[in-house]
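Just passing along the structure, written as structure tokens.
The first residue in the sequence is number 1, and the count goes up from there. Computed from heavy atoms alone, side chains included, the values below leave out hydrogens, waters and symmetry copies. Atoms within each ligand, like the ligands themselves, are counted from 1 in listed order.
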Amino acid sequence: MVSSKKYDFLIVGAGLYGAVFAHEAKKRGKTCLVVDKREHIGGNTFCKKIEDINVHAYGAHIFHTNDKKIWDYVNDFVPFNRYTNSPVANHKGSLYNLPFNMNTFYQLWGTKTPAEAKSIIDEQSKKYQKKQPQNLEEQALSLVGEDIYYKLIKGYTEKQWGRKVTELPAFIIKRLPLRFTFDNNYFNDSFQGIPIGGYNELSGGLLDGIDVQLGVNYFKDKVALDAMAHKTVFTGKIDEYYNYEFGKLEYRGLRFDHEILAIENYQGNAVINYTEADIPYTRILEHKHFEFGQQKKTVITKEYPLEASTELEPYYPINDEKNNNRYLQYKNKASKDLVLFGGRLAEYKYYDMHQVIGAALSKTKKLFDN
Ligand code: FAD
Ligand code: UDP
């Protein structure tokens, strides 16, 4: 019987997971239709051109990886620049380098050698090291001690996540390096940069030659869309896919306030974090610095964290015990489904870009090459 289905795959979501999946499928001779409810491709990596500056429309996105294959993969679509993320923290008007390194320790305590800095951190952290950390607060205090925790972590974390530090999982803080060298590089990875010309070059390259329909909400036309392809790949929220039957998975949302300023250089750095709880935004981005821009004006963005509701975009999965257990129920159900689920929202995982690309590459390799 000849099938009436036009495509091999319907891919819901034109973010990095969907785009990599579609690209890899096309490479193997498969046909794909990618749909996204937003009016653009790239998901959260989307850049909007304002005043000739690539504005990271959904918050700062810095690509970093230790995996040479993933680095080469993305560089095949667009060359990356040498941007190194070195955010600065503002606490009550004083500035501190991030991540926590010899510059930060000098700014905090005037220490000049690793031995001096270590001795202060040991003194402040030893009483917290007696037991296995059960939450973010215990983890942070046992790693960096009290000064760093109270000035640079607690306020930022509580406003970012809208929860008490004692209710948050310890792993979140392990994303931040602690090092005893004068090195402000936020990441330990070997490869890092920003695509020259912005992230749309990457998502556009991945989706080149693939049918894409924008402004299409899958759930509004699910039956007809599914009928167009042999298989569906879903990269949206897994709880929404199953109509929230095991309850809602919680997300932290964000509001991005973009401003154009008629000055060349507002803050001298791409990212400045505001670590006090009383300041309602977590960070200010100045986008031109991601690409060493020389434009006459500048665009800044304040990121205001808020609780994601069903109407708002979900940004950060809240991987605490309650949500992770709930996710496992969805995952179990999904494992028996014919639909494939992947990406930050469908796997309910705090994935970075390189990880989401890695996940889509593994999935397609397993599917097509075994
Ligand atoms: P998404 O980019 O979320 O794409 C999913 C797509 O599915 C979306 O476009 C959505 O519109 C679409 N969709 C959902 N439901 C439907 C539906 N019903 N119908 C149609 N379409 C639908 N990573 C880094 O490596 N470095 C960083 O510096 C970094 N910074 C970040 C900062 C912020 C504020 C955030 C939120 C994330 C950051 N990330 C960073 C993570 C990065 O954004 C993700 O790893 C990556 O974008 C995930 O890709 P994805 O395809 O899984 O999801
Ligand atoms: N964090 C902090 N102070 C900072 C920056 C980060 O306490 O100045 C903590 C906070 O809990 C945050 C986590 O470290 O959620 C991870 O930070 P990262 O910059 O990796 O977060 P993302 O870029 O994903 O928002």
Checking a contact table here: which protein heavy atom is nearest atom 5 (C) of ligand 2, and how many Å away? N273 ND2, 3.4 Å
Of the protein's non-hydrogen atoms, which lies at the shortest distance from atom 17 (O) of ligand 2, and what is that distance? L176 CD1, 3.5 Å
Nearest non-hydrogen atom to atom 3 (N) of ligand 2 belongs to which of L136, L152, I153? L152
Co-membership, hydrophobic cluster, residues F105 and L95, 4.5 Å side-chain: no
Give every pair made of an N or O atom of ligand 1 and a protein N or O atom lying under 3.5 Å apart, one pair per line with both atom names and the distance to 0.1 Å, or write 'none'.
residue  : atom   : partner : partner atom : Å
ligand 1 : 2 (O)  : N44     : N            : 3.0
ligand 1 : 9 (O)  : D36     : OD1          : 3.3
ligand 1 : 9 (O)  : D36     : OD2          : 2.7
ligand 1 : 11 (O) : D36     : OD1          : 2.7
ligand 1 : 11 (O) : R38     : NE           : 3.3
ligand 1 : 18 (N) : N217    : OD1          : 3.0
ligand 1 : 19 (N) : Y218    : N            : 3.0
ligand 1 : 21 (N) : K37     : N            : 3.1
ligand 1 : 23 (N) : D352    : OD1          : 3.3
ligand 1 : 23 (N) : M353    : N            : 3.3
ligand 1 : 25 (O) : M353    : N            : 2.7
ligand 1 : 26 (N) : I62     : O            : 2.8
ligand 1 : 28 (O) : A60     : O            : 3.4
ligand 1 : 28 (O) : I62     : N            : 2.8
ligand 1 : 30 (N) : A60     : O            : 2.9
ligand 1 : 39 (N) : H61     : NE2          : 3.4
ligand 1 : 43 (O) : H61     : NE2          : 2.7
ligand 1 : 45 (O) : Y351    : O            : 2.8
ligand 1 : 45 (O) : D352    : O            : 3.4
ligand 1 : 45 (O) : M353    : N            : 3.4
ligand 1 : 51 (O) : L16     : N            : 3.2
ligand 1 : 51 (O) : Y17     : N            : 3.0
ligand 1 : 52 (O) : R344    : N            : 2.8

Atoms of ligand 2 less than 4.0 Å from T275 heavy atoms? 8 (O)
Ignoring hydrogens, just give me the one of H91, E158, R283 whose non-hydrogen atom is nearest atom 23 (O) of ligand 2. R283
Close-contact set for ligand 2 against I172 heavy atoms, below 4.0 Å: 11 (O), 13 (C), 15 (O), 16 (C)
Answer yes or no: is there an ion pair linking K127 with E146, defined by an N-O contact shorter than 4.0 Å? yes
Salt bridge (Lys or Arg N to Asp or Glu O under 4.0 Å) partners of E123, counting only residues at least two apart: K126
Closest protein heavy atom to atom 11 (O) of ligand 2, given as residue, atom name and distance to 0.1 Å: T157 OG1, 2.8 Å
Do the side chains of H91 and T275 get nearer than 4.5 Å, heavy atoms only? yes
Closer than 4.0 Å to some heavy atom of I173 - which atoms of ligand 2 meet that? 9 (C), 14 (O)
Closest non-hydrogen contact found for K237 with F234 is O-CE2, 3.3 Å
K118/D122 ion pair, N-O < 4.0 Å: no
Ligand 2 atoms in contact with L98 (distance to a heavy atom under 4.0 Å): 8 (O)
Between N44 and R344, do the side chains contain a donor N or O and an acceptor N or O under 3.5 Å apart? no
Side-chain donor-acceptor pair under 3.5 Å between D226 and T232, yes or no? yes
d(F21 CZ, K30 NZ) to nearest 0.5 Å is 10.0 Å
hydrophobic_cluster_shared for L16 and V35, side chain cutoff 4.5 Å: yes
One finds that the ligand 2 atoms under 4.0 Å from a non-hydrogen atom of Y350 are 21 (O), 22 (P), 24 (O), 25 (O)
Ring centroids only, cut at 6.0 angstrom: are F256 and H56 within range, meaning strictly under it? no
Name the closest protein heavy atom to atom 20 (O) of ligand 2, giving the residue it belongs to and the distance to 0.1 Å. R175 NE, 2.8 Å
Using a strict cut-off of 4.0 Å, indicate which atoms of ligand 2 neighbour a heavy atom of Y186. 5 (C), 6 (C), 17 (O), 18 (P), 19 (O)
Does some side-chain heavy atom of Y17 sit less than 4.5 Å from a side-chain heavy atom of E347? yes
With a 6.0 Å cut-off on ring centres, are Y58 and H40 close enough? yes
Within 4.0 Å of some non-hydrogen atom of W161, the atoms of ligand 2 are 11 (O), 15 (O)
Those atoms of ligand 2 less than 4.0 Å from some heavy atom in Y316: 22 (P), 24 (O), 25 (O)
Do me a favour and list the nearest non-hydrogen protein atom to atom 1 (N) of ligand 2 with residue, atom name and distance? Y156 CD2, 3.6 Å
